[in-house]
Amino acid sequence: MAKRAETDKTTDPAPGFSALGLDPRIVAALGALGYEEPTPVQRQAIPPLLAGRDVLGQAATGTGKTAAFALPLLHVLTPNAAAAERLGALILVPTRELAMQVAEAVHKYGKAMGILAVPIYGGSPMETQLRQLKRGVDVVVATPGRALDHIRRKTLGLSRIKVVILDEADEMLDMGFAEDLEAILAETPKGRQTALFSATLPPRIAEIANRHLQNPVRVRIDREVVPAGSAPRVRQTAYVVGRAHKMATLGRVLDVENPTSAIVFCRTRTEVDELTESLNGRGYRAEALHGGLSQEQRDRVMKRFRANTVDLLIATDVAARGLDVEHVSHVVNYDVPTSAEAYVHRIGRTGRAGREGVAITLAEPREHRLLRNIEFLTKQRIQIAAVPTVADLRARRIEMTKTSLRETLVAGELDAFRAVVDSLAQEFDIMDVAAAAVKLVEARDGVEGEEIPTVTMRPDRPASHHERGPAPKYGGGKGLASKASASKATGKGPTGKGRITPEWDVARLYIGAGRAANVRANDLVGAIVNEAGVDARAIGAIQITDRFSLVEVPAEIADSIIEALRATTIKGKRVPVRRDREQAWKS
Ligand code: AMP
């Protein structure tokens, strides 16, 4: 049976958030979501935003930046106002995926206050968006191109906007949205509050901030965190997996690592409870530990953990902070921690007293930069490894069986079983008898499961936060990382700047629309990013002629991009898309 931790209802659901000055209804919503305390970026950005200040924030995905800007803006909205007067906040984001995620986050946080948020992005029908806008919303989360379309059609009026957020500003510039941003901001009132969040702050972002932010408060969470004393002997590994495969990956990693004792860290109490339940369902002995438990409940859990009746402790940072645990063999971060400090604190629970420790982190593709930042700030390497395959697990199991057999042989006392082997040996080769016995053991502990699709990162290298990190690679399979082939592509994108030279085979796509149809580079980049879910940095050179355009993309995902583009419209029209027949491009 799964053991679900009972929550002690008498405790304040999220006291750290009340202290920041947030509306009690918001604090209650955060408590219900299982948030226990603000992340560093939230602690720094929320008070000035609540005070009406502009904010310039450097924060990567995974730091909790969305809540950092979304929670304060809920305070200035007027959800009971008439439809035409309701829209109070505009959040601009680079991609459709992010527009949906941010709108969903605003919805979650503001539901109790009656806040309505709508995502507006290219590729989805105008009519639905028009209907939603007409009915009245409090927050629009939009990609710049589509926002501008609506402004020009006069279906999005920004004259009453109180807050504008530019999220992932560096990505928006990379995608060629600079002019669109200027045009949109020109439509908003001068006295608005503005916040700009960006993972990197290159000069062109500083320029935008100078022009559009007034005396902003700078928020930056990155500080060097070198662990005090000598660095512990900790093997640090990360697996990059999609959200849908995290649970399966955790199970696979636990099976391969076979920890003697481990703490698995999660961000929220909800996640702790869910994970504990599913791990118990899969036959692990796991217990939940979070801030919602009474002292008595915690003591009970800890007693069982120390007595080894529990193998896995699933915990939030808050709950683990006061923990009196000597040493665990493994620390697993089910999510990348929201700051380097939290990471160091978590992994400090293993590798103690000169013993070997293992720290494992599961990261979603979009969190790779956060991982790199942690690496940079801790001055320690985190090896990105491929998720163990079923074959890896099988090999590991055989290894474990071999070890157990060896131990059993050494321990002796086999006389009772010799007779069985003896009689079988009359009939069969003794080697086969032994092999059959091993097979039986293997079948009993049978390895099942499907392969977990991997998202391979490009070759590992420590990144400085002043430069772009390696681009994530999309799609499963062997991975571009393993291919040494550097293409001859120039790596010039629509902006020319901020792009990195592709290190993958390039395919050139023919798109049957060009200047005559008003196609601009960012229309093509936007369509590919939004429709095919490709990182903008994976797109290479773009050439636009009067009648058609040519775009370089990673060869490995060319077909899926073609399929996605054929299913959508560019500048409102369906256009032919295929591999460029003239292509003499060889890497
Ligand atoms: P973001 O960096 O905005 O993409 O957020 C990353 C993830 O952290 C999201 O899944 C949020 O729901 C989660 N999150 C944000 N703030 C907190 C918090 N204070 N405690 C726990 N989880 C959080």
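For ligands, and for the atoms within them, numbers begin at 1 and follow the listed sequence.
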Tyr109 to ligand 1: N or O pair under 3.5 Å?
no

Per-atom contacts, ligand 1 versus Phe17 - under 4.0 Å to a heavy atom
19 (N)

Within-4.5 Å side-chain heavy-atom neighbours: Leu73 and Ile91
yes

With heavy atoms of Thr66 as the reference, note each atom of ligand 1 found under 4.0 Å away.
1 (P), 3 (O), 4 (O)

Give yes if a backbone or side-chain nitrogen or oxygen of Lys108 is under 3.5 Å from a nitrogen or oxygen of ligand 1, and no if not.
no

Which of the numbered atoms in ligand 1 are under 4.0 angstrom from any heavy atom belonging to Glu37?
18 (C), 19 (N), 20 (N)

Run the ring-centre check on Tyr334 versus Phe265 and record whether the distance is less than 6.0 Å.
no

Could you list the atoms of ligand 1 found under 4.0 angstrom from a heavy atom of Thr268?
21 (C), 22 (N)

Should you measure from each heavy atom of Gly62, which atoms of ligand 1 turn up under 4.0 Å away?
1 (P), 2 (O), 4 (O), 6 (C)

Under 4.0 Å from a heavy atom of Thr39: give me the atoms of ligand 1 that qualify, with their elements.
16 (N), 17 (C), 18 (C), 19 (N)

Going by side chain to side chain contact (heavy atoms under 4.5 Å, CB included), Gln44 matches just one of Leu49, Thr39, Val219. Which one?
Val219

By number and element, which atoms of ligand 1 are closer than 4.0 Å to a non-hydrogen atom of Arg366?
4 (O)

If you count the atoms of ligand 1 from 1 in the order shown, which ones are under 4.0 Å from a heavy atom of Lys65?
1 (P), 2 (O), 3 (O)

